[in-house]
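Below: one structure, written as structure tokens.
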Amino acid sequence: MKSNDLLVSICCITYNHQDYIAQALDGFLMQQVNFKYEIIIGEDCSTDRTREIIEKYKLDYPGRIQLVEYPQNVGAIKNQFNTMSKAKGKYIALCDGDDYWTDCLKLQKQVDFMESHTDCAICCHYSKVINEAGELVFENPSPIKLEFTYEDVLIGNKEETRICSLMLKNNYLMQQIARQQWLYQTYGTDTFLKLYTVAHSRGRIYVLPEVMAVYRLHKNGIWSLIDAKLRKNRMISDFNIIINNFHYSTQYKRKLLMIYIKQYLMFDIKNLRIQNAMKTIKTLV
């Protein structure tokens, strides 16, 4: 049940982020807004000092932080959607515990945009990318406003929509996607959240032309700095989940087939996954 005077729920999941979680929490707490917001942290049984750091913040900022705990590790996907299920705000703002926000007006700017654009299902913004040493890896030098449809996300056009920038409506779709069994087999789960949301809301994703967050590359990330073969395997797995669980026209079926041929087919063949390759092609012809 959403509270009428609570507009935004910040939902953050964390696991073994002792070196990063304080920076994430500082970014949440510094927000300057004309509405109420809540901070919900899903802490998935970290083996380092992550929970200790969160507990200290809870003491220092009484009533500001809600901690979701588990008796045992549940994994990132279950943690993400369980944490989101606790949200009472009209909107949900996402940020993982190893990323952080840099603009104290971030939430206000996104809420103002979503309130004035009824076709906006998801609002994002630009972000810097840094490495484990805190060095800049990438930042778009000329941010412009971007707009993506369901079909754009379907074929992989979704730049500058990282989860640390994402705000979406807290509605029935959040409950529906959490019930989809294929969701728990995904790796790039945020992509599926975007895809499912725009598919069923018939809305769009808008990217504001401002840098307001930092995305961190480190060895413990789902995608960051992992072995290239493992990365490709995960990408192919996610691709097959998409083509088997989402709707697309004949035109986009052809586009998806070309994506598979250009990006994944030779990898499947070289790794002797001929049956997998044939199954994917059969789905798309």
Side-chain angles (χ1 to χ4, degrees), residues 1-3 6-17 20-31 33 35-46 50-51 53-55 57-58 61 63-70 73-101 103 106-111 114 121-125 127 161-180 183-184 186 188-194 196-197 201 205 212-216 221-222:
M1 183 71 68
K2 293 191 274 288
S3 172
L6 179 63
L7 205 57
V8 175
S9 298
I10 299 171
C11 293
C12 171
I13 62 168
T14 185
Y15 176 73
N16 284 357
H17 290 155
Y20 314 127
I21 190 62
Q23 202 165 20
L25 289 167
D26 288 339
F28 305 155
L29 291 161
M30 76 177 182
Q31 293 300 302
V33 296
F35 51 80
K36 290 183 180 180
Y37 69 93
E38 62 179 352
I39 301 170
I40 309 171
I41 311 295
E43 202 291 296
D44 198 13
C45 298
S46 296
T50 299
R51 185 172 301 188
I53 294 168
I54 299 169
E55 293 285 5
Y57 269 80
K58 283 190 67 180
Y61 297 91
R64 297 293 308 278
I65 298 169
Q66 176 184 343
L67 179 59
V68 180
E69 304 175 87
Y70 304 94
N73 183 273
V74 298
I77 300 175
K78 288 185 178 179
N79 188 16
Q80 181 74 76
F81 286 90
N82 183 56
T83 301
M84 290 169 63
S85 74
K86 312 296 184 186
K88 298 181 177 66
K90 179 179 179 181
Y91 302 109
I92 293 175
L94 297 176
C95 184
D96 289 345
D98 51 351
D99 302 325
Y100 62 97
W101 299 342
D103 190 327
K106 166 195 153 67
L107 290 184
Q108 186 69 60
K109 292 173 183 177
Q110 288 185 285
V111 166
M114 294 193 76
I122 297 175
C123 180
C124 297
H125 53 74
S127 55
T161 63
R162 296 181 181 91
I163 199 164
C164 59
S165 78
L166 194 150
M167 179 181 284
L168 69 165
K169 295 176 181 177
N170 183 16
N171 56 25
Y172 69 98
L173 293 176
M174 300 305 100
Q175 297 174 1
Q176 284 188 353
I177 187 173
R179 299 191 192 106
Q180 308 304 312
L183 177 72
Y184 301 94
T186 63
T189 308
D190 63 310
T191 293
F192 289 86
L193 176 59
K194 297 165 200 168
Y196 193 89
T197 300
S201 69
I205 300 176
M212 295 193 282
V214 172
Y215 174 81
R216 196 187 312 266
I222 294 294

Notebook entry, point to check: So, the side chain of Gln31 versus the backbone of Leu107: is there a donor-acceptor pair under 3.5 Å, distance only?
Noted result: yes
Next item on the list: Mind running side chain to side chain contact (heavy atoms under 4.5 Å, CB included) on Val8 and Met167 for me, showing each step along the way?
Entry: CA-CA 9 Å; Val8 175; Met167 179 181 284; 4.2 Å; yes
Margin query: Please check this pair: side chain of Gln175 against backbone of Asn171, looking for a donor-acceptor N/O pair closer than 3.5 Å.
Written below: no
Next item on the list: To the nearest 0.5 angstrom, please state how far the CZ atom of Phe81 sits from the CE atom of Met174.
Entry: 7.5 Å
Item checked: Interatomic spacing from CD1 in Ile10 to CD in Glu38 - rounded to 0.5 Å -> 9.0 Å
Checklist line | Heavy-atom pair of closest approach, residues Gly42 and Thr83 | finding: CA-OG1, 3.4 Å
Notebook entry, point to check: Just how far is it from atom CD1 of Ile39 to atom CD1 of Ile65, taken to the nearest 0.5 Å?
Noted result: 5.0 Å
Check: Judged by atom type as modelled, is there a donor-acceptor pair below 3.5 Å linking the side chain of Ser165 to the main-chain atoms of Thr161?
Finding: no
Next item on the list: Any chance you could measure Ile13, atom CD1, to Ile41, atom CD1, to the nearest 0.5 Å?
Entry: 10.5 Å
Next item on the list: Measure across Gly27 and Trp101 and return the closest heavy-atom pair with its distance rounded to 0.1 Å.
Entry: O-CE3, 3.7 Å
Check: Is it true that a side-chain atom of Ser9 and a backbone atom of Gly89 form a donor plus acceptor pair closer than 3.5 Å?
Finding: yes
Margin query: Ignoring hydrogens, what is the shortest heavy-atom contact between Tyr37 and Phe28? Give both atom names and the distance.
Written below: OH-O, 2.8 Å
Next item on the list: Of all the heavy-atom pairs spanning Asp99 and Arg216, show the shortest one and how long it is.
Entry: OD1-N, 2.9 Å
Margin query: If the threshold is 4.0 Å, N to carboxylate O, is there a salt bridge linking Lys109 and Asp103?
Written below: yes
Next item on the list: Indicate the atoms forming the closest heavy-atom contact of Tyr196 with Leu173, along with that distance.
Entry: CE2-O, 3.9 Å
Notebook entry, point to check: Is the side chain of Glu43 donor-acceptor paired with the backbone N or O of Arg51 at a distance under 3.5 Å, no angle test?
Noted result: no
Check: Side chains of Tyr215 and Asp96: donor-acceptor distance under 3.5 Å anywhere?
Finding: no
Notebook entry, point to check: Run the side chain to side chain contact (heavy atoms under 4.5 Å, CB included) check on Val111 and Lys90 step by step: do they pass?
Noted result: CA-CA 10 Å; Val111 166; Lys90 179 179 179 181; over 6 Å; no
Check: Tyr15 and Asn73: side-chain donor and acceptor closer than 3.5 Å?
Finding: no
Notebook entry, point to check: Does the Tyr184 side chain pair with the main chain of Ala178, one donor and one acceptor, at a distance under 3.5 Å?
Noted result: yes
Next item on the list: If the plane angle is over 60° it's perpendicular, under 30° parallel, otherwise tilted; pick one for His17 and Tyr20.
Entry: tilted
Item checked: Separation between NZ of Lys36 and CG of Leu6, rounded to the nearest 0.5 Å -> 8.0 Å
Check: Strictly by modelled atom types, are Lys169 and Ser201 linked by a side-chain donor-acceptor pair under 3.5 Å?
Finding: no
Checklist line | Point-to-point distance, once rounded to the nearest 0.5 Å, from SG of Cys164 to CE of Met212 | finding: 10.5 Å
